[in-house]
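Below, read A as the first sequence line, B as the second, and so on, with proteins coming before strands; counting in each chain starts at 1.
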Amino acid sequence: MRLSRYFLPVLKETPSEAQIVSHRLMLRAGMIRQEAAGIYAWLPLGFRVLKKVEQIVREEQERAGAVELLMPTLQLADLWRESGRYDAYGPEMLRILDRHEREMLYGPTNEEMITEIFRAYVKSYKSLPLNLFHIQWKFRDEQRPRFGVMRGREFLMKDAYSFDLDEAAARRAYNRMFVAYLNTFARMGLKAVPMRADTGPIGGDLSHEFIILADTGESQVFCHKDLVEMGAPGTEVDWDDLQAHVDQRTGLYAATEEMHDQARFEAEVPAEQRLSARGIEVGHIFYFGEKYSRPMKAVVAGPDGAERPVHMGSYGVGVSRLLGAIIEAGHDENGIVWPEAVAPFDIGLVNLRPGDAACDAACDHAYAALRAAGREVLYDDTDERPGGKFARMDLIGLPWQLVIGPKGLADGTVEIKRRSTGERHSASLESVLSRLAA
RNA sequence: CGGAGUGUGGCUCAGUCUGGUAGAGCACCGCGUUCGGGACGCGGGGGUCGCAGGUUCGAAUCCUGCCACUCCGACCA
């Protein structure tokens with residue numbers, strides 16, 4: 001993409017409403033624009049990252065056996081009356097009347113609708129297990145939206161819903177999502193720690209929040225240090241038996257502030273292994289059994305022919321929130337430092353002297369060669385001064401910067417800079433191109 | 001939803017206390033000089049000062065009401 005033809009409205013100064021670093025950097029890098037409290041337009045650069053994050057989430061859901069569909073944002077109130085949540089949800093739910101004065105709502109989540117879809121078609125245990133997911137915009141009318149996309153009112157969420165014949169099978173479904181989440185966040189360069197979460201009235205031990213450690217995180221968390229560096233199980237696992245991977249992690253202490261038990265923490269974790277830090281919740285998985293299937297009559301026939309409510313679980317990832325979390329975890333004083341997997345472009349190509357024949361020729365050659373190699377390149381062909389170009393490239397945080405200018409070309413060299421380390425090297429254009437194309 | 005604030009050009013803000021022809025820097029447009037880590041000169045465009053009432057000869061400024069947004073707290077992917 002040629003920058004002169006792109007839409008990248010970067011800001012030199014920080015808009016006054018932004019208090020945390022990810023919000024400031026997303027505004028300054030021209031990724032988002034606030035249209036109302038907690039409601040954002042995704043500008044081209046931010047949209048590219050959003051799509052990359054979404055795609056990683058999608059791929060790992062599918063790898064774990066979940067099947068994608070897409071449910072609407074608007075739902076009928078009557079559906080929510082079946083579960084009793086239309087009245088229970090409160091003012092966080094955005095309620096809408098259509099022209100026929102029919103009560104509708106902008107979905108904050110989709111348990112009711114997915115249960116309605118399931119019960120309409122699935123009648124036999126032979127169709128199980130089943131896990132359906134979608135990636136769709138949600139609206140929760142937060143009393144106090146803040147922190148940019150970290151706590152918006154409108155946000156993009158991946159929500160998956162599992163259906164199983166009994167609790168034992170539901171636990172296997174739960175484990176698949178547990179491992180899928182670890183793999184998902186690892187692919188984005190994040191160290192996510194699963195932490196025991198409140199299960200509410202259902203009880204049991206099947207609910208975990210996935211927390212990204214970041215100094216600017218919203219909540220205080222406590223865990224065994226080994227969990228942070230444990231890494232993800234990876235994709236070459238037995239998806240039908242993941243209990244050992246789950247046990248390895250749930251066996252170590254990890255709790256958010258509301259679930260924290262200091263006495264247990266000190267009893268279970270040696271002092272030098274105790275970690276107390278700030279964290280961001282990016283995922284939440286939950287087993288809730290028959291909570292919706294029973295009132296909404298989502299039943300299947302078992303092997304004995306008798307109908308029984310299915311056991312369900314739901315599994316959420318805050319896709320738009322993840323962008324904030326990734327930036328909180330990866331930035332420096334100059335701007336964003338994207339992990340390569342989600343960077344909006346792989347390479348920033350900087351032409352220091354557009355209009356100079358040698359510079360233009362070298363840049364055009366590099367641009368074509370890198371694109372032919374399948375790399376995504378943002379080519380800064382603007383006539384801005386070098387300092388501004390460097391600052392802008394550092395701000396938007398592409399993994400590599402290829403700098404071509406008249407002085408280097410006079411010696412037959414160009415400069416390559418790695419954003420994450422700040423390392424700069426000069427080399428011939430061809431050697432740099434072969435390295436970047438690999 | 002309780003508490004505290006802020007609304008002046010695209011952005012950051014001054015001006016409001018003490019009423020008198022709307023300002024600065026950045027950004028933008030034109031010309032020129034420049035060009036390897038956010039250049040400089042000259043010229044130029046852009047704002048019914050959040051909205052609605054009121055007071056006054058005269059309101060960005062004073063009064064009343066409303067709206068929006070931000071921050072601190074209680075709640076959430």
Determine whether A:Phe222 and A:His260 satisfy the following criterion, ring pair (Phe, Tyr, Trp, His ring centres under 6.0 Å), listing intermediate values before the conclusion.
CA-CA 7 Å; A:Phe222 306 86; A:His260 181 55; 3.6 Å; yes
Sequence neighbours excluded and cut-off under 3.5 Å, please list the side-chain donor-acceptor pairs for residues 318-326 of chain A, or say none.
unit_1	atom_1	unit_2	atom_2	d
A:Ser320	OG	A:Leu156	N	2.9
A:Arg321	NE	A:Met150	O	2.8
A:Arg321	NH1	A:Glu281	O	2.7
A:Arg321	NH2	A:Met150	O	3.1

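In this structure, A:Thr14 reaches the sugar-phosphate backbone alone: every heavy-atom distance under 4.0 Å involves primed, P, OP1 or OP2 atoms, never a base. Contact annotation for A:Gln143: base contact, defined as any heavy-atom pair under 4.0 Å involving a base atom. Residue-level contact check: A:Pro406 touches the bases, meaning some heavy atom is under 4.0 Å from a base atom. Nucleic acid contact class of A:Leu352 (heavy atoms, under 4.0 Å, all strands): base. As judged by a 4.0 angstrom heavy-atom cut-off over every strand, A:Val403 is placed among the base-contacting residues. Across all strands, A:Gly422 comes closer than 4.0 Å to no nucleic acid atom at all (heavy-atom distances). A:Gly316 comes within 4.0 angstrom of nothing in the nucleic acid, heavy atoms only.
Each ring pair (Phe, Tyr, Trp, His ring centres under 6.0 Å) pair with one or both residues in residues 314-355 of chain A, not counting sequence neighbours, appears once here: A:Tyr6-A:Phe345. Applying the ring pair (Phe, Tyr, Trp, His ring centres under 6.0 Å) test to pairs two or more places apart or on separate chains, those with a residue in residues 376-424 of chain A are A:Tyr367-A:Tyr379. Identified under the ring pair (Phe, Tyr, Trp, His ring centres under 6.0 Å) test for residues 52-80 of chain A, with sequence neighbours left out: A:Trp80-A:Tyr89. Applying the side-chain hydrogen bond (donor to acceptor under 3.5 Å, both in side chains) test to every pair with at least one member in residues 25-35 of chain A, sequence neighbours left out, gives these pairs: A:Gln34-A:Tyr40.
Only the P atoms considered, B:C51 is 16 Å distant from B:C69, to the nearest whole Å. Going from the C1' atom of B:A22 to that of B:C13 covers 14 Å, rounded to whole Å. Comparing B:C28 with B:G20, their C1' atoms are spaced 32 Å from each other, to the whole Å. Between the P atoms of B:G15 and B:U61, the separation comes to 15 Å (whole Å). Nucleotides B:G19 and B:C57 place their P atoms 15 Å apart, quoted to the nearest Å. Nucleotides B:C42 and B:U55 are separated by 46 Å at their C1' atoms, to the nearest Å. For B:G9 and B:A4, the C1' atoms lie 29 Å apart once the distance is rounded to whole Å. B:A74 and B:C1 have their C1' atoms separated by 8 Å, with the value rounded to a whole Å.
Across the strands present, B:C26 finds its partner in B:G10; the criterion is a Watson-Crick or G-U wobble pair with both atom distances under 3.5 angstrom. Remark: B:U61 base-pairs with no nucleotide in the shown strands. Criterion, Watson-Crick or G-U wobble with two distances under 3.5 Å. Both distances falling under 3.5 Å, in either a Watson-Crick or a G-U wobble arrangement, place B:C40 opposite B:G32. Applying the Watson-Crick and G-U wobble criteria (two distances, each under 3.5 Å), B:C71 pairs with B:G3.
Considering only residues two or more places apart in sequence or on other chains, A:Glu258 meets the side-chain contact (heavy atoms from CB on, under 4.5 Å) condition with A:Glu209, A:Thr256. Under the rule for a salt bridge (Lys or Arg N to Asp or Glu O under 4.0 Å), the partners of A:Glu103 that lie at least two apart in sequence or sit in another chain are A:Arg81. When the ring-ring contact (aromatic ring centres under 6.0 Å, His included) test is applied to A:Phe118, the partners found at least two apart in sequence or on another chain are A:Phe163. A:Tyr292 is linked by a ring-ring contact (aromatic ring centres under 6.0 Å, His included) to A:Phe288, counting only residues two or more places apart in sequence or in another chain.
In this structure, a donor-acceptor pair under 3.5 Å is absent between the side chains of A:Arg2 and A:Ser4. Counted by atom type alone, A:Ser207 and A:His284 present one or more donor-acceptor pairs between their side chains at under 3.5 Å.
Nucleotides of RNA chain B nearest to A:His23 and A:Glu92 differ in position, and the one nearer the 5' end is that of A:His23. Taking for each of A:Phe147 and A:Arg424 the nucleotide of RNA chain B with the nearest heavy atom, the 5'-most of the two is the partner of A:Arg424.
Sorted by residue number, the members of residues 25-55 of chain A with any non-hydrogen atom under 4.0 Å from RNA chain B read A:Arg28, A:Gln34, A:Ala36, A:Ala37. RNA chain B lies under 4.0 Å from at least one heavy atom of each of the following residues of residues 380-389 of chain A: A:Glu384, A:Arg385, A:Pro386, A:Gly387, A:Gly388.
Panel note: side chain A:Tyr181, backbone A:Arg176; no donor-acceptor pair is recorded below 3.5 Å.
A nucleotide of RNA chain B counts as in contact with chain A when one of its atoms lies under 4.0 Å from a heavy atom; the first and last such, 5' to 3', are B:C1 to B:A77.
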